Amino acid sequence: MNTKKKMKDPEPLVAPGKFNLWLLMLASSMLFASLVSAFIVHKPDAQAKSTWTAFDLPIFFLVSVFVAVLSSVTIFVAWKAAKNDELNTNKTFTALTLALGLLFCVTQYLGWKQLISLDLTLVNARPEDISASYVWMITGVHVLHVLGGLVLLSVALVKSFKLEVHKKNMTLMSITHTYWHFVGLLWIFLYLFLYFAQ
Amino acid sequence: MSTAALHAEHEAHHEHKESFISKYVFSMDHKMISKQFLITGIIMGMIGMIMSLLFRLQLAWPDDQFSIIEMLLGKWGVDGKLDPNFYMGLVTIHGTIMVFYVLTAGLSGTFSNLLIPLQVGARDMASPFMNMLSYWFFFMSSVVLLISVGVETGPASGGWTVYPPLSALDKAMPGSGLGMTLWLVAIVLFIVSSLLGGINYISTVLNQRTKGMSMNRMPLTIWAFFFTAVLGLLSFPVLLGAGLFLIFDRSFGTSFYLSDIYLEGVGALENIGGSPVLYQHLFWFLGHPEVYIILMPALGITSEVISNNARKPIFGYTAMIISLLGISFLSFIVWGHHMFITGMNPFLGSVFMILTLIIAVPSAVKAFNYLTTLWRGNLRFTPAMLFSIGLVSFFISGGLTGIYLGNAALDIQMHDSYFVVAHFHLVMGSAAIFGMFAGIYHWFPRMYGRMMNNTLGYFHFWITFITAYLVFFPMHFMGLAGVPRRYYQFTLVEDFDVWVDVNKLITVSAIIAGFAQLLFLYNFFISIFRGKKSAQNPWGANTLEWTSPIDVRLHGNWPGELPTVYRGPYEYSRPDREEDFFPQHIPDESAPEVLETEKSKKAPAEKEAEAETSVFFAAVKRVFGLG
Ligand code: HEM
Ligand SMILES: [Cu+2]
């Protein structure tokens with residue numbers, strides 16, 4: 001039996017879903033920390049044996065950075081609109097963010113194609129190209145995070161069309177908002193890291 | 001509230017019935033999930049123990065034949081002799097099961113789930129759904145691991161640390177094939193389970209405490225589970241990263257961990273350029289915190305049980321928390337002590353050595369505080385109390401050898417010897433298992449509303465305690481004499497032949513220990529159905545879990561309002577009280593509750609804090625009690 005509905009318990013200060021999201025983001029930061037540290041530990045080791053190719057990152061990865069920044073702006077507008085009960089703006093900008101999210105995936109894909117055209121694949125015949133394997137792993141795991149964000153955005157979009165996103169029902173929108181900033185920032189960090197650490 | 005009144009409440013709530021599935025299988029009630037973790041953990045523990053008995057037989061009587069080995073293992077035990085490859089597989093799976101499945105999921109999963117909501121005064125976990133998923137990922141992971149034992153080429157057999165290249169090349173040894181793949185699948189599922197669980201534990205502790213339950217009134221169990229969950233949240237993702245690289249090396253042809261390797265005289269790899277030591281760094285970044293993930297819940301349980309059964313406040317409540325914090329922090333920066341012999345720069349080795357030795361300080365604080373809590377207490381020797389005292393004993397005797405191993409110069413000799421096996425079985429294995437038993441004996445009435453049998457408990461304790469020392473203590477001497485770990489047959493090496501009698505003593509003791517666990521199993525399962533009905537608060541404890549009705553299943557934990565907390569959890573034997581305990585939820589008539597009035601004054605300010613942007617800071621303030 002469930003006594004929960006029968007009485008009013010004091011509300012927790014932070015919505016449990018949101019709190020859990022912060023912790024999840026912390027965990028996934030640690031995952032990226034491990035991938036990045038592996039890179040940092042591996043590189044000097046390989047350089048000592050002069051088996052480390054340095055190469056320029058595909059230009060499309062830079063385009064991704066701009067897309068990420070832009071989509072962070074749109075999701076912010078969407079979230080703000082929902083908070084002020086401007087439901088139409090919310091719908092438009094949620095949809096816009098979703099579109100930019102898809103565009104992000106496309107630019108990533110184009111970036112990967114550029115890498116392939118340079119013969120820098122995940123699996124490489126030459127030991128020097130291990131540097132490229134890292135780029136593939138890191139971008140790959142990041143795109144998985146973006147896909148998670150796209151799922152959230154789609155759900156939020158459907159809900160906002162059903163008029164279920166508004167001032168009094170913000171949990172989903174805030175979660176989407178926070179998470180989308182997170183994957184965007186993550187990409188900016190990863191891009192800068194790969195750019196300077198190569 | 002009297003039990004009769006609770007019963008009345010209970011009747012009133014009987015409107016909606018749960019199906020068998022939602023009640024026992026996909027339950028979202030933390031109390032049921034805790035039982036699921038416990039029973040699964042006990043089953044895995046039995047399997048892990050039987051495995052160790054099988055390979056102990058091999059070590060003690062390498063030339064004899066045992067029909068039981070052929071009966072159980074089939075083609076791996078032809079003529080009653082254990083196959084060498086399967087020996088390695090058993091050692092590996094034994095380690096994996098004990099470390100992850102019993103002492104991580106079985107221990108944290110059971111007691112964090114049971115006690116966090118009940119002791120902080122919450123209706124359930126932050127997300128009961130994630131909590132349910134956490135158990136089912138754990139269950140799937142267990143099933144995959146057990147299946148891996150039965151595959152044609154045998155289970156993973158490169159040790160529980162699965163170092164590459166043994167784990168990365170599927171031709172390296174039979175167990176490196178399908179068995180290793182399944183091991184990785186199982187561990188990935190396990191990591192998901194741990195993260196789902198850990199996120200809930202942290203968020204419930206920080207965000208869902210009842211009125212008056214400030215951080216400095218939390219029982220030490222909760223503190224320990226909290227730090228444990230934080231360690232898991234920060235370190236398991238790193239293991240996931242390590243595992244990802246390994247999976248790609250195994251299955252997709254990358255070479256993060258692989259460098260020039262020859263198998264049977266030919267270059268085995270097209271892809272080189274990787275670094276096997278990189279894996280060790282990533283693995284031990286999880287691996288060392290992991291040993292504290294195992295130990296800290298047991299330490300928390302011990303604090304609670306010892307204070308309760310000594311009828312004294314725990315000695316140094318704050319010191320206990322600070323030492324847990326210190327251990328947690330240090331555990332992230334000492335992983336190099338597992339890698340002294342990887343050719344690391346000796347300077348780096350010294351840094352890791354010094355940091356490692358500093359852990360001795362908070363550990364000693366804890367040991368000291370346990371002893372001073374016991375000192376001149378009105379000790380009640382319940383089975384739970386005995387197991388807690390047993391934990392203190394193992395923690396001291398096993399921790400001392402950590403100081404030897406932590407010295408780089410000594411560890412270069414002792415690494416990968418039986419000395420290490422002795423060390424970690426005492427400090428981590430035995431200590432944590434004893435903490436787990438203490439928890440089971442102590443909270444069994446809260447889980448099942450019945451008592452376990454004391455006499456059987458005493459037999460269980462004394463036999464296990466004595467045999468654990470008989471099994472693990474002699475291993476120190478073997479290790480000092482140079483006997484290496486993970487060897488199949490010592491009689492083949494002339495120098496180690498002298499140890500055969502010691503090995504027999506160890507194996508006989510281990511078998512006796514195994515029988516003692518049957519006493520426990522019998523006691524546990526019989527008491528679920530036939531045990532003496534427990535009183536509402538059988539141990540005269542102060543904490544909130546004993547205020548929630550123990551004789552009815554109640555999803556939501558308290559029939560009425562959530563209890564309010566007025567004081568810390570360890571106010572035993574206060575001179576101004578007739579009773580020798582003072583539960584946290586009883587208001588203090590003489591001194592009006594300060595915190596409550598302050599809280600009600602603060603209420604409007606808190607409302608404002610709800611504004612989206614300041615929620616985070618409000619949470620931080622609340623966590624640190626500044627609000
Ligand atoms: C208190 C809880 C502790 C637990 C649960 C624990 C657990 C473990 C485990 C599982 C190993 C196995 C390594 C392997 O598989 O090779 C180990 C090794 C080691 N422990 Fe501990 N330990 C604890 C305390 C300490 C302390 C207090 C120290 C030092 C002051 C220490 C120093 C070491 C060192 C240096 C090794 C590496 C030995 C080697 O690989 O040769 N440990 N410990
Ligand atoms: Cu360690």
Side-chain angles (χ1 to χ4, degrees), chain A residues 1-24 26-39 41-42 45-46 49 51-52 79-80 83 121-134 136-137 140-141 170 174 177-178, chain B residues 13-16 18 123-124 126-127 130 195 198-200 202-204 206-208 210-211 233-238 240-242 244-245 248 252-256 259 270-275 277-278 281-282 285 553-562 606 609-610 612 615-616 618-619 622:
Chain A
M1 67 191 129
N2 198 332
T3 43
K4 235 183 256 173
K5 289 156 207 108
K6 299 212 118 180
M7 65 211 68
K8 275 233 171 70
D9 292 330
E11 282 292 312
L13 191 54
V14 184
K18 227 183 285 177
F19 208 104
N20 285 6
L21 175 74
W22 288 343
L23 296 172
L24 196 71
L26 189 61
S28 97
S29 310
M30 285 308 290
L31 174 61
F32 282 99
S34 75
L35 301 181
V36 164
S37 324
F39 182 105
V41 171
H42 203 153
D45 208 39
K49 291 182 260 168
T51 52
W52 184 270
W79 169 76
K80 198 85 193 162
K83 257 181 73 111
T121 45
L122 174 66
V123 181
N124 294 293
R126 283 165 307 158
E128 301 88 79
D129 295 346
I130 186 85
S131 49
S133 305
Y134 278 103
W136 279 89
M137 289 294 283
V141 175
M170 284 295 291
S174 328
H177 172 234
T178 313
Chain B
H13 285 301
H14 240 322
E15 313 101 26
H16 69 123
E18 289 169 291
R123 298 259 176 231
D124 203 315
S127 166
M130 276 168 68
L195 290 176
I199 285 176
N200 254 329
I202 298 173
S203 136
T204 310
L206 290 184
N207 197 29
Q208 257 139 286
T210 186
K211 202 154 76 181
L233 189 75
L234 297 179
S235 63
F236 270 113
V238 177
L240 185 62
L244 269 183
F245 286 133
F248 273 79
F252 302 103
T254 56
S255 53
F256 295 106
S259 80
E270 288 128 44
N271 305 322
I272 51 175
S275 151
V277 176
L278 172 64
H281 280 297
L282 291 175
F285 188 85
R553 251 197 85 242
L554 192 64
H555 192 178
N557 292 342
W558 285 273
E561 247 178 74
L562 290 174
E606 271 182 22
E610 222 117 79
E612 184 78 23
V615 157
F616 177 75
R622 182 177 154 159

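Quick caveat: nothing in here was measured; it's all calculated off a predicted structure.
In this structure, chain B has no heavy atom under 4.5 Å from any part of A:Ala33. Proximity to chain A (any heavy atom under 4.5 Å) is restricted, for B:Phe285, to the side chain, taken from C-beta onward. Looking at B:Phe248, only its side chain comes within 4.5 Å of chain A, counting heavy atoms on both sides. Both the backbone and the side chain of A:Leu24 come within less than 4.5 Å of a heavy atom in chain B. Interface residue A:Tyr134: backbone and side-chain heavy atoms are both found under 4.5 Å from chain B. For chain A, the nearby parts of B:Leu240 are the backbone and the side chain; heavy atoms of each come within less than 4.5 Å. Residue contact with chain A, scored on non-hydrogen atoms closer than 4.5 Å, involves the backbone and the side chain of B:Leu233 alike.
Nearest approach of A:Ser174 to A:Lys18, heavy atoms of both residues: CB-CE, 3.9 Å. Taking each heavy atom of A:Met30 and B:Pro237 in turn, the nearest pair found is CB-CB, 3.8 Å. The nearest pair of heavy atoms linking A:Leu31 to B:Gly241 is CD1-N, 3.5 Å.
The distance from atom CD1 of B:Ile202 to atom CG of A:Leu23, rounded to the nearest 0.5 Å, is 5.0 Å. Atoms CE and NE2, from A:Met170 and A:His177 in turn, are 8.5 Å apart once rounded to the nearest 0.5 Å. Taken to the nearest 0.5 Å, the CZ atom of A:Phe39 stands 10.5 Å off from the CD1 atom of A:Ile130.
Chosen from A:Pro16, A:Ala46, A:Ser29, the residue pairing most often with chain B at heavy-atom distances under 4.5 Å is A:Pro16. Each of A:Gly17, A:Ser28, A:Ala38 has some count of heavy-atom pairs under 4.5 Å with chain B, and the biggest count is that of A:Ala38. The residue among A:Asp45, A:Val141, A:Val41, A:Leu35 with the most heavy atom pairs within less than 4.5 Å of chain B is A:Leu35. Residue with the most contacts toward chain A among B:Val277, B:Val238, B:Thr204: B:Val238 (heavy-atom pairs, distance under 4.5 Å).
The backbone N or O of A:Pro12 lies less than 3.5 Å from no partner atom in the side chain of B:Asn207, so there is not a single donor-acceptor pair. B:Thr254 contributes no side-chain N or O that, together with a main-chain N or O of A:Val123, makes up a donor-acceptor pair within less than 3.5 Å.
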